[in-house]
Protein chains: 2
Amino acid sequence: MSLSLRQLRAFAMAMETGSFGRAAARLHLSQPALTVQIRTLEETLGLTLFDRSARGVRPTEAGRTLAQSFARILEELDQVVAGAREQAARRSGTVHLAVLPSVAATVLPVALARLRQAHPAIRVLVRDAVARRVSEMLKAGEAELGIGTLPGPDPELTAETLFEDELVAVLPPGHALARRKKLTPAILAAEPLVLTEPGSSVRQLAERAFAEAGLVLRPAYEATYMSTAVALVRAGLGVGVLPATALDLQLAPLLELRPIPVPSMRRHILLLARRNSSLSPAAEALAEVLRATVVVMPKVG
Amino acid sequence: MSLSLRQLRAFAMAMETGSFGRAAARLHLSQPALTVQIRTLEETLGLTLFDRSARGVRPTEAGRTLAQSFARILEELDQVVAGAREQAARRSGTVHLAVLPSVAATVLPVALARLRQAHPAIRVLVRDAVARRVSEMLKAGEAELGIGTLPGPDPELTAETLFEDELVAVLPPGHALARRKKLTPAILAAEPLVLTEPGSSVRQLAERAFAEAGLVLRPAYEATYMSTAVALVRAGLGVGVLPATALDLQLAPLLELRPIPVPSMRRHILLLARRNSSLSPAAEALAEVLRATVVVMPKVG
DNA sequence: GCCAGTCATAGCATTTCCTGATGAGTCTCT
DNA sequence: AGAGACTCATCAGGAAATGCTATGACTGGC
């Protein structure tokens with residue numbers, strides 16, 4: 001026979017109640033079952049834990065000492081298990097999340113607020129990064145969950161579309177094109193354009209869409225930060241081709257936004273995770289909240 | 001399913017070896033058995049501990065965290081159990097022993113030396129006390145084992161004769177009675193006698209023995225300490241009637257010892273313990289050494 | 001001396017656990 | 001590309017453990 005938790009629990013309870021019968025009742029066991037547990041424990045330890053008499057049991061000195069140690073260990077164990085269960089119940093835990101800045105500034109705060117309401121003890125460590133960095137962080141294990149885009153299927157990552165982001169034309173106040181409801185790459189190609197810098201996913205998207213229309217994208221201005229691009233447009237220096245989800249756009253009341261109804265002007269914002277790696281319950285909870293949140297995002301047009 | 005140590009051990013080993021198969025081998029289990037243990041553990045916790053693939057398993061983040069806690073707890077448990085087993089094997093432990101001073105000064109050191117040789121880690125806390133105190137200490141739980149005498153059977157104590165102590169006549173150098181091989185109460189009654197103080201077990205024994213012979217014991221001197229009594233005898237002030245086991249006698253080369261061959265001049269030195277209370281393994285070891293040691297004690301006469 | 005209370009024992013049923021065989025998926029080497 | 005090695009999952013049957021009910025043995029109090 002080897003040691004078992006049953007034995008330890010039986011022993012601890014017997015010590016606590018001072019009686020085999022009462023201990024058995026408290027553990028929802030029959031008294032003989034408990035007696036056997038104690039006896040086998042004594043046998044495995046080679047030590048008498050209780051002195052029995054017809055009037056009851058009395059703990060041995062060794063029994064008293066051991067009971068203390070065992071009780072402490074059981075308590076620690078129970079605490080660890082309780083902690084694990086709490087994590088499993090999504091009531092706690094920490095998620096490392098890598099997000100595109102545009103999403104971090106718009107959809108994410110709403111989702112985090114909801115998550116907090118549902119699972120207050122879940123911590124989310126948000127790391128904003130461009131699409132490529134999001135993928136890298138996931139693969140490197142620096143993030144458990146990611147929100148970004150992918151150039152194509154990635155064998156290491158799972159992807160699931162959260163929502164679609166579209167590039168929209170951003171017009172300065174009073175611009176001539178403002179009378180149109182929609183704009184096309186062909187129309188835009190004639191204007192001085194404000195875009196993000198080469199290499200950014202938004203820029204790549206725009207270039208591909210123009211190429212499909214047989215056009216070459218030749219921006220007048222290139223900005224690294226969205227706020228810069230918006231400022232350039234507002235100053236009337238050109239027409240912006242920028243993602244609709246960017247917070248800076250939605251906060252700029254004087255600018256006119258016009259959709260560019262070309263499929264390739266849309267990009268899929270993906271919920272990313274490592275393939276072959278299960279999500280922690282906390283991450284699972286976050287993912288669920290994200291899925292439920294994005295459908296509520298405002299439309300642009 | 002409830003938590004079991006098997007599961008924890010399986011989990012800890014799987015985490016340590018990084019493989020279910022290797023963990024199973026190390027635990028002398030089949031791989032399926034280990035797989036099941038891990039799975040049921042995951043079910044009871046509600047938590048995925050490993051991500052499986054056909055290439056092997058990789059611990060989850062939660063798994064890594066939990067493994068640390070569990071490993072620590074298992075180690076503590078093993079340590080406690082090892083300590084208990086060591087006690088059971090009599091390799092360690094502490095015995096509280098109450099002893100008559102005469103025994104403490106003579107037989108006991110020999111026994112303790114032997115015990116140390118056999119079980120170096122057993123500690124013996126020696127408390128010397130007169131016969132009545134020895135009994136009291138046992139009953140009060142202040143001592144686990146006692147060496148003393150009893151006026152009669154005691155319902156609370158078990159007694160076992162270790163050896164018999166006899167009162168001997170102690171003659172100063174050149175005393176007239178020294179030519180006799182043996183002495184009797186009748187002869188001694190005519191001498192000025194040196195005894196221990198009234199109430200001591202030695203004194204009571206002597207009084208009873210004299211009474212049986214129809215004599216009244218009327219000592220010339222009464223000493224509390226054996227060393228005093230011996231000094232009085234050596235100074236020629238009288239004939240001592242003292243226990244043969246007293247170390248002071250055996251260390252006093254000039255004194256002549258003569259047996260008093262009367263049965264009632266003997267007292268049983270008893271090994272005492274609480275009835276209804278089992279001895280700790282360490283105490284058991286001490287008891288055995290005591291039994292084996294006393295038969296070797298020197299004879300007087 | 002009987003009754004109440006406590007633990008131990010025995011026989012039987014149930015649950016748990018393990019093993020051995022087998023299957024499925026992946027990687028490596030040829 | 002295919003064979004072989006490796007890993008984990010699943011399944012079926014049997015062994016071990018655990019538990020329960022019934023009963024016994026012993027003690028202390030009324």
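The chains referred to below are lettered A, B, ... by the order of the sequence lines, with proteins before strands, and numbering in each begins at 1.
- Across the protein-nucleic acid pair, B:Arg9 atom CZ and C:dC18 atom P stand 13 Å apart, rounded to whole Å.
- Taking 4.0 angstrom as the limit, A:Gln37 places a side-chain polar atom (N or O) nearer than this to OP1 or OP2 of D:dG19.
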Worksheet item: Passes side chain to side chain contact (heavy atoms under 4.5 Å, CB included), B:Arg90 versus B:Glu284? Steps please.
Response: CA-CA 8 Å; B:Arg90 303 177 169 185; B:Glu284 197 67 65; 3.0 Å; yes
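- For the pair A:Ile38 CD1 and D:dA17 C1', the computed distance is 17 Å after rounding to whole Å.
- At least one donor-acceptor pair closer than 3.5 Å links the side chain of A:Thr17 to the backbone N or O of A:Ser19.
- Annotation for A:Arg275: atom CZ counts as buried by contact number, over 12 foreign heavy atoms lying within 6.0 Å.
- Of the possible donor and acceptor atoms, none in the side chain of A:Arg127 sits under 3.5 Å from a partner among the backbone N and O of A:Val134.
- Applying the side chain to side chain donor-acceptor pair (under 3.5 Å) test to A:Ser135 and every residue at least two apart in sequence or in another chain returns nothing.
- Straight-line distance from the CZ atom of A:Phe20 to the P atom of C:dT9: 11 Å, rounded to whole Å.
- If you measure from atom CG of B:Leu41 to atom P of D:dA9, you get 13 Å, rounded to the nearest angstrom.
- Distance CG (A:Asn276) to C1' (C:dG25): 12 Å, rounded to an integer number of Å.
- Between B:Asp128 and B:Arg133 there is no salt bridge, since no side-chain N of the basic residue sits under 4.0 Å from a carboxylate O of the acidic one.
- With rounding to whole Å, A:Glu42 atom CD is found 12 Å from C:dA8 atom C1'.
- Atom P of nucleotide C:dT15 and atom CZ of A:Arg6 are separated by 13 Å, given to the nearest angstrom.
- Contacts with DNA chain C (heavy atom under 4.0 Å) in residues 49-65 of chain A: A:Arg52, A:Ala54, A:Arg55, A:Gly56, A:Val57, listed by number.
- Close to D:dT10, at under 4.0 Å from its OP1 or OP2, lies a side-chain N or O of B:Arg39.
- Residues of residues 23-36 of chain A that place a heavy atom closer than 4.0 Å to DNA chain C, in numerical order, are A:Gln31, A:Pro32, A:Thr35.
- Here B:Arg52 pairs with B:Glu42 in a salt bridge; the nearest charged N to carboxylate O distance falls below 4.0 Å.
- Crowding of A:Arg208 atom CZ: a count of heavy atoms from other residues, nucleotides or ligands under 6.0 Å not exceeding 12.
- With a 6.0 Å radius and a threshold of 12 heavy atoms from other residues, nucleotides or ligands, A:Arg116 has its CZ atom at or below the threshold.
- Atom CZ of B:Arg275 and atom P of D:dT27 are 11 Å apart (whole Å).
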